[in-house]
Amino acid sequence: MTIKEFSILCKNKLKNIYPEQEILSILRIIFEDIFDISQLEAHINPDKILFSERFKNPKEIIIRLSENEPVQYIVGKTEFYGLDFFTDKSVLIPRSETEELVDLIIKEND
């Protein structure tokens with residue numbers, strides 16, 4: 001499956017679940033973290049075949065997303081305050097508001 005095919009299929013399957021901007025963010029995360037493809041490369045080379053040791057069939061990712069599984073669980077990590085954290089179904093995904101709260105606390109407490 002190519003980058004373009006994956007993108008189209010993902011957008012079509014998720015359009016009733018997520019807003020368009022969120023789908024684009026999800027795609028960026030998937031391309032970078034699962035397929036090691038930058039956003040620029042995805043735009044320049046849409047016919048590149050996707051390959052991942054973890055996901056032999058890229059459609060599996062779309063199926064999991066369409067079942068409302070967070071992309072962080074699929075990727076297996078998330079960033080919080082500049083650090084990468086392991087994620088799976090047993091871990092809560094940190095929210096951006098929590099990161100803002102941590103930043104505020106640090107700034108107010110030398």
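- One hydrophobic cluster, built from ILVMFWY side chains closer than 4.5 Å, holds both Met1 and Ile29.
- With contacts defined as side-chain heavy-atom distances shorter than 4.5 Å, the pair Leu27/Phe6 qualifies.
- Qualifying side-chain hydrogen bond (donor to acceptor under 3.5 Å, both in side chains) partners for Glu41, counting only residues two or more places apart in sequence or in other chains: Lys48.
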May I have the list of side-chain donor-acceptor pairs in residues 63-77 shorter than 3.5 Å, sequence neighbours left out?
from  : atom 1 : to    : atom 2 : distance (Å)
Arg64 : NE     : Glu69 : OE1    : 3.0
Arg64 : NE     : Glu69 : OE2    : 3.4
Arg64 : NH2    : Glu69 : OE2    : 2.6
Ser66 : OG     : Ile62 : O      : 3.3
Ser66 : OG     : Ile63 : O      : 2.7
Tyr73 : OH     : Val91 : O      : 2.7

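- Scored by the side chain to side chain contact (heavy atoms under 4.5 Å, CB included) test, Glu79 finds Asp84 as partners (sequence neighbours excluded).
- Under the side-chain hydrogen bond (donor to acceptor under 3.5 Å, both in side chains) criterion, Thr2 pairs with Glu5, sequence neighbours left out.
- Listed by chain and number, the residues in a salt bridge (charged side-chain N to carboxylate O under 4.0 Å, His left out) with Lys56 are Glu53 (sequence neighbours excluded).
- With rounding to the nearest 0.5 angstrom, the CG atom of Asn45 is 8.0 Å from the CD1 atom of Ile37.
- In this view, Pro94 and Thr78, Phe80 satisfy the side chain to side chain contact (heavy atoms under 4.5 Å, CB included) rule, not counting sequence neighbours.
- Contacts of Leu40 classified as side chain to side chain contact (heavy atoms under 4.5 Å, CB included), with partners at least two apart in sequence or in another chain: Ser38, Ile44.
- Evaluation of the side-chain hydrogen bond (donor to acceptor under 3.5 Å, both in side chains) rule for Asp88 yields Ser90 as partners, not counting sequence neighbours.
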Please list, one pair per line, the donor and acceptor atoms closer than 3.5 Å that link side chains of residues 99-106 to other protein atoms, with sequence neighbours excluded.
from   : atom 1 : to     : atom 2 : distance (Å)
Glu99  : OE2    : Tyr81  : N      : 2.4
Asp103 : OD1    : Tyr81  : OH     : 2.9
Asp103 : OD2    : Lys107 : NZ     : 3.2

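- Remark: Glu108 engages no residue in a salt bridge (charged side-chain N to carboxylate O under 4.0 Å, His left out) (not counting sequence neighbours).
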For residues 7-25, which side-chain N or O atoms pair as donor and acceptor with protein atoms under 3.5 Å away, sequence neighbours left out?
from  : atom 1 : to    : atom 2 : distance (Å)
Ser7  : OG     : Ile3  : O      : 2.9
Asn12 : ND2    : Ile8  : O      : 3.3
Ser25 : OG     : Gln21 : O      : 3.2

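- Note that NZ of Lys59 and CD1 of Ile61 are 12.5 Å apart. Values are rounded to the nearest 0.5 Å.
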